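Each ligand, and each atom within it, is numbered from 1 in the order the structure gives. Since the model is a prediction, treat every value here as computed from it, not as a measurement.
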Amino acid sequence: MSRYTRSLVWLRRDYRLSDHRALFEACAHSGEVIPVFVIDEVLLKGFKNIRQVQFIQECLDELDARLQERGSRLLVVRGNPAHAIPEVAAKLKAQAVFLNHDYEPMAKLRDAHVERELRKTGIAFHSFKDQVIFERREILSGGGSPYKVFTPYSRAWLKALESNRAEHLKEYRPDLKKLASKDLIRDRNARFSELGFEEPTRGVSVAGGSGKCGEEAARTLLKSFSKVIANYKTDRDFPSIEGTSRLSVHFRFGTLSPRQAVRYCAKHLSEGAKTWLNELIWREFYMMILDQYPHVEKGAFKPEYDSLKWEWNRAHFKAWCEGRTGYPIVDAAMRQLNETGWMHNRLRMIVAMFLTKDLLIHWQEGEKYFAEQLLDHELSANNGGWQWSASTGCDAQPYFRVMNPVSQSERFDPQGEFIKKWVPELKHLDAKRIHWPHDEDGLFSGGTRGYVDPLVDHKEQRLKAIKMFKS
Ligand SMILES: Cc1cc2nc3c(=O)[nH]c(=O)nc-3n(C[C@H](O)[C@H](O)[C@H](O)COP(=O)(O)OP(=O)(O)OC[C@H]3O[C@@H](n4cnc5c(N)ncnc54)[C@H](O)[C@@H]3O)c2cc1C
């Protein structure tokens with residue numbers, strides 16, 4: 001690679017200074033480096049996930065403050081990156097732009113467009129793998145095609161890691177002395193609020209976790225996870241226990257490097273750490289699926305399931321969104337989501353299966369609702385999770401294995417602690433009654449506090465769902 005007098009590092013979903021591949025490479029190959037972020041007006045048209053916008057704004061503010069402590073700063077501009085990046089590069093006389101790969105279909109198109117525009121003006125474009133350990137076609141089946149099933153993929157992933165651990169888990173420590181002086185960057189920083197988004201109240205956008213955004217917060221959360229990782233294998237399925245890392249939003253926005261997370265697993269030689277590593281591999285599996293089988297963004301992984309005859313009942317969908325289905329575990333989970341932007345993995349599976357197999361509503365409706373509400377919304381994982389639950393995905397739950405929300409509730413919230421927290425109407429019920437507080441006619445019989453009657457009968461709906469898949 002050439003050496004450049006001045007370069008830009010274009011941040012997109014990697015708001016950190018440590019173990020950052022593009023920043024490392026930019027510093028290694030340039031005299032000085034200017035970090036830049038573009039508030040993408042194209043992408044944000046109609047964007048409804050306010051929590052994510054606020055999280056990003058807080059991360060950018062934090063990053064800018066840390067850069068200012070070092071005598072540099074972050075430049076934030078607004079516009080279409082295809083024009084904004086070449087304009088900034090030209091204005092600041094940068095000879096190259098460094099960035100990390102993105103795997104979402106829209107992002108790939110955007111990056112290709114930016115690359116074309118830069119090349120027209122003779123500015124170099126260098127993109128790197130950063131947000132995963134293995135990307136694109138690095139992990140292939142014996143037949144030379146990308147995997148469609150998780151278990152053999154994860155075996156091949158682990159084998160590839162072991163083949164050169166030092167290289168794959170290398171820490172990319174940028175030479176931060178190369179950061180350009182703030183005097184060079186005179187423009188006022190743009191803010192999301194200029195597009196009508198509300199300014200964040202510090203820490204409010206983070207649901208449940210550390211209460212803070214940014215790299216420091218991710219590190220603190222990872223450190224505190226050390227206390228529970230040994231029990232992860234057993235505790236991770238119980239929503240009333242703080243048994244998981246809560247790091248998903250940090251993986252989503254790159255305030256934590258995946259290499260750091262995998263190196264961390266190696267330090268905790270427990271069954272819990274092994275199970276946690278397996279979840280990190282699931283994350284990469286779904287990213288690879290989205291990258292290699294991009295049709296999943298718009299339809300079923302198995303195209304034959306695109307013609308399934310889902311039902312549409314607006315009132316049922318609204319009740320599901322609002323946590324008023326009459327199934328306590330589903331309602332507790334949905335109310336928590338609405339209030340905090342967070343939902344436990346076990347509950348995501350339960351509510352997704354309930355929407356698709358009990359209410360028979362198209363998985364894409366649920367996927368869209370989650371996309372608007374989840375702070376950690378990640379297209380690949382969300383799509384993968386919904387298609388798994390709806391049985392339309394790769395390596396999905398078979399359509400005839402329908403989760404019973406009541407027995408799931410009895411098993412994973414045995415004392416009803418989680419339900420009591422989010423459905424206070426049922427607070428007075430004991431552990432036996434709380435999972436199904438209705439009488440034989442399906443009417444609420446749990447007292448006078450006014451909980452809703454169940455929308456549907458699970459046994460009947462399960463049969464209908466199986467019939468829909470068979471026909
Ligand atoms: C219907 C549905 C929708 C989902 N939507 C999202 C989403 O938008 N964003 C998201 O990050 N995860 C999503 N998941 C996966 C999972 O629920 C969350 O990653 C997890 O609950 C986050 O909590 P945690 O950080 O404490 O996870 P931990 O249990 O501590 O796991 C560590 C990390 O591994 C990754 N991970 C864990 N489980 C999965 C999984 N099943 N698929 C992919 N990656 C995983 C996440 O990055 C997570 O932070 C979804 C799952 C389902 C069933």
Side-chain angles (χ1 to χ4, degrees), residues 13 49 51-52 55 104 131-133 150 153-154 157 206-210 218 221-222 224-226 228-229 231-239 241-258 260-262 264-265 268 272-290 297 320 330 333-334 336-337 340-357 363-397 403 408:
R13 42 170 301 160
N49 193 325
R51 292 185 177 101
Q52 288 202 324
F55 187 88
E104 296 188 1
Q131 55 166 301
V132 287
I133 309 296
F150 176 72
Y153 169 85
S154 69
W157 191 101
V206 182
S210 66
L221 209 49
L222 187 65
S224 66
F225 184 51
S226 301
V228 294
I229 192 170
N231 298 327
Y232 179 76
K233 190 174 179 188
T234 46
D235 288 354
R236 72 193 185 110
D237 267 318
F238 296 88
I241 298 178
E242 288 283 332
T244 69
S245 71
R246 296 289 186 111
L247 280 165
S248 46
V249 68
H250 294 286
F251 287 118
R252 170 66 184 86
F253 292 112
T255 36
L256 178 70
S257 116
Q260 190 183 348
V262 176
Y264 169 90
C265 285
H268 294 79
K274 253 197 223 165
T275 312
W276 197 63
L277 177 62
N278 204 50
E279 296 309 314
L280 301 182
I281 304 175
W282 268 109
R283 171 179 171 272
E284 297 207 357
F285 177 67
Y286 283 139
M287 282 196 167
M288 178 279 291
I289 292 287
L290 180 63
E297 190 192 7
W320 176 82
V330 173
M334 294 305 293
Q336 183 190 30
L337 172 68
T340 69
W342 163 260
M343 197 191 288
H344 187 279
N345 182 58
R346 170 64 45 187
L347 302 175
R348 294 187 203 204
M349 292 194 283
I350 295 173
V351 305
M353 203 163 278
F354 185 81
L355 185 77
T356 53
K357 309 284 177 57
W363 58 270
Q364 285 175 324
E365 299 291 341
E367 183 196 23
K368 187 164 161 257
Y369 189 71
F370 268 29
E372 291 169 4
Q373 297 295 329
L374 280 173
L375 174 64
D376 67 15
H377 172 247
E378 172 81 82
L379 173 55
S380 54
N382 194 38
N383 181 275
W386 273 96
Q387 295 223 37
W388 181 90
S389 309
S391 307
T392 60
C394 60
D395 205 3
Q397 180 82 328
M403 277 180 186
Q408 286 285 312

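In this structure, the separation between OG on S380 and CD1 on I289 is 10.5 Å, given to the nearest 0.5 Å.
Under the 4.0 angstrom criterion for non-hydrogen atoms, F285 is not in contact with ligand 1. Heavy-atom separations between M349 and ligand 1 include at least one value shorter than 4.0 Å. The closest approach between W276 and ligand 1 falls below 4.0 Å for a heavy atom of the residue. Using a 4.0 Å heavy-atom cutoff, F150 is absent from the residues neighbouring ligand 1.
For G243 against D235, the heavy-atom pair with the smallest separation is CA-CB, 4.1 Å.
Atom 17 (O) of ligand 1 has its closest protein heavy atom at N345 OD1, 2.7 Å. When only non-hydrogen protein atoms are considered, atom 30 (O) of ligand 1 lies nearest to S245 OG, 2.6 Å. For atom 13 (C) of ligand 1, the closest non-hydrogen atom on the protein side is R348 NH1, 3.3 Å. Looking from atom 24 (P) of ligand 1 to the surrounding protein, the closest heavy atom is R246 N, 3.6 Å. When only non-hydrogen protein atoms are considered, atom 19 (O) of ligand 1 lies nearest to S248 CB, 4.2 Å. Summary of contacts: the protein heavy atom closest to atom 3 (C) of ligand 1 is N382 OD1, 3.3 Å. For atom 36 (N) of ligand 1, the closest heavy atom belonging to the protein is E279 O, 3.6 Å.
Between F285 and W282, the angle of the ring planes goes over 60°, which puts this pair in the perpendicular group of the 30/60° scheme. Ring geometry, W276 versus Y232: the interplanar angle exceeds 60°, so the pair is classed perpendicular (tilted spans 30 to 60°).
At distances below 3.5 Å, not a single donor-acceptor pair connects side-chain atoms of Y369 with backbone N or O atoms of Q364. Checking side-chain atoms of W363 against main-chain N and O of T392 turns up no donor-acceptor pair under 3.5 Å. T244 places no side-chain N or O within donor-acceptor distance of the main-chain N or O of R236, the cut-off being under 3.5 Å.
Of the candidates A390, G385, S380, P239, the one placing a heavy atom closest to atom 2 (C) of ligand 1 is G385.
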